[in-house]
S.K.: 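There's a structure below that I have some questions on.
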Amino acid sequence: MAESSRITARDGMRADARRNREHVLVAARAVFAEHGIDAPMATVARRAGVGVATLYRHFPTRDALVRDAFAQQMETCARALTEALAAPDPWQGFQQLIETVCALQREERGFPAAFLAAFPETAAEHAQSRQRAERGFTTLVRRAQASGALRSDFHPSDLAVALLAHGGLVTALPDDGAASRRLVAYLLQSFRTDPTNKPLPPPAALTLRSLPIATESPQGQRPSRA
């Protein structure tokens, strides 16, 4: 049995090392959801059942851990935007994108802060990804408005407002999927074109990059980065 744990995969990683790595990633997502992405690395190690040295062997920096913990969610967002832009019906693409992003926000509560984080090691690459997302979403909004389905006064910054509203609900009711889905349905209905709609106030001065998503612990204290 001990010998089998040394069997290496094609990428050269031993089976036991791969298990430790996966345990750390699962623990990191749980800890980041509870305490924010600034939660102590030691807390993640304890949750994963590994030593701090083992954690740092796999993830030399916090940024590396955050990026890898939410890599799949990042890919899901990028794929959802690509599919939305390719949808024959711009409104259906818009709706599916909002539902996907809000589902990620509900299921992976640490993900929004990870998406907005500034990673020193890959700052330029991460900034370009966010800029592409903003440009793609703006294109999607214009197409949905041109189709007549999305209200003409919807502004791309309204996505940030919607995510803040939904994020507040998810924080208050983390296990209430029904409330989350109902709020998203309300939001989508409010975005639809309706001749009886009154004009909205001016849009908020928000972008995805400036979205004020807190990364503090529930007690309001920023955790130690030890």
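In this chain, numbering begins with 1 at the start of the sequence shown.
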S.K.: Take atom CD in Gln72; do more than 12 heavy atoms of anything else shown fall under 6.0 Å from it?
M.R.: no

S.K.: Show the numbers, then the answer: is there a side-chain contact (heavy atoms from CB on, under 4.5 Å) between Asp38 and Arg62?
M.R.: CA-CA 8 Å; Asp38 281 338; Arg62 177 185 303 277; 4.2 Å; yes

S.K.: Give, for atom CD of Glu83 and atom CZ of Arg79, the distance between the pair rounded to the nearest 0.5 Å.
M.R.: 6.5 Å

S.K.: Calculate, to the nearest 0.5 Å, the distance between atoms CZ and CZ belonging to Arg151 and Phe191 respectively.
M.R.: 9.0 Å

S.K.: Would you indicate whether the side-chain heavy atoms of Asp176 and Val170 approach each other to under 4.5 Å?
M.R.: no

S.K.: What closest approach, in Å, do Gly93 and Ala84 show between heavy atoms, and which atom pair accounts for it?
M.R.: O-CB, 3.2 Å

S.K.: Would you compute the distance between atom CZ of Arg67 and atom CZ of Phe59 and round it to the nearest 0.5 angstrom?
M.R.: 10.5 Å

S.K.: For Val31 versus Thr43, what's the shortest heavy-atom pair and its separation?
M.R.: CG1-CG2, 4.0 Å

S.K.: Is Leu200 reachable from Val161 through a run of I, L, V, M, F, W or Y residues, each pair having side-chain heavy atoms under 4.5 Å apart?
M.R.: no

S.K.: Taking Arg47 for the side chain and Val26 for the main chain, is one N or O donor matched with an acceptor at less than 3.5 Å?
M.R.: no

S.K.: Should Thr196 and Asp194 be marked as a side chain to side chain donor-acceptor pair (under 3.5 Å) after you check the CA-CA gap, both sets of side-chain angles, and the distance that decides it?
M.R.: CA-CA 5 Å; Thr196 64; Asp194 185 335; 2.8 Å; yes

S.K.: Please report the C-alpha distance between Phe94 and Leu188 in whole Å, then the side-chain angles of each, then the deciding distance to 0.1 Å, and finally whether the side-chain contact (heavy atoms from CB on, under 4.5 Å) criterion is met.
M.R.: CA-CA 9 Å; Phe94 177 89; Leu188 286 168; 4.2 Å; yes

S.K.: Any side-chain heavy atom of Phe32 within less than 4.5 Å of one from Leu65?
M.R.: yes

S.K.: Considering all heavy atoms of both residues, which atom of Leu183 and which atom of Ala165 are nearest to each other, and what is their separation?
M.R.: CD2-O, 4.0 Å

S.K.: Working note: Leu187 + Ile98, criterion side-chain contact (heavy atoms from CB on, under 4.5 Å); need CA distance, chi angles, decisive distance, verdict.
M.R.: CA-CA 9 Å; Leu187 290 170; Ile98 298 298; 5.9 Å; no

S.K.: Return the minimal non-hydrogen interatomic distance between Ser157 and Ala204, and the atom names on each side.
M.R.: OG-O, 3.2 Å

S.K.: Quick one, Arg57 with Thr54, criterion side chain to side chain donor-acceptor pair (under 3.5 Å). Give me CA distance, side-chain angles, the key distance, then yes/no.
M.R.: CA-CA 5 Å; Arg57 203 159 42 239; Thr54 297; 3.2 Å; yes

S.K.: Would you say Gln145's side chain and Ser152's backbone share a donor-acceptor pair under 3.5 angstrom?
M.R.: yes

S.K.: Might you work through the side-chain contact (heavy atoms from CB on, under 4.5 Å) test for Thr193 and Trp91, ending with a clear yes or no?
M.R.: CA-CA 11 Å; Thr193 296; Trp91 169 256; over 6 Å; no

S.K.: Would you say the side chain of His58 lies within less than 4.5 Å of the side chain of Asp68, judging by non-hydrogen atoms?
M.R.: no

S.K.: Applying the 4.5 Å side-chain criterion to the ILVMFWY set and letting contacts propagate, would Tyr186 and Leu97 be lumped into a single cluster?
M.R.: no

S.K.: Would you compute the distance between atom CZ of Arg181 and atom CZ of Arg106 and round it to the nearest 0.5 angstrom?
M.R.: 5.5 Å

S.K.: Kindly give the heavy-atom pair with the smallest separation between Ala64 and Pro60, and that separation in Å.
M.R.: CB-CD, 4.5 Å

S.K.: Mind listing the closest non-hydrogen atom pair of Ala179 and Leu173 along with its distance?
M.R.: CB-CD1, 4.2 Å

S.K.: Within this structure, what is the CZ-OG1 distance for the pair Arg132 and Thr82, rounded to the nearest 0.5 Å?
M.R.: 10.0 Å

S.K.: Determine yes or no for a side-chain-to-main-chain donor-acceptor pair under 3.5 angstrom, with Gln105 supplying the side chain and Leu163 the backbone.
M.R.: yes

S.K.: Would you say Arg143's side chain and Leu85's backbone share a donor-acceptor pair under 3.5 angstrom?
M.R.: yes

S.K.: Let me confirm one number: the CG-CG distance from Leu164 to Leu159, rounded to the nearest 0.5 Å.
M.R.: 9.5 Å

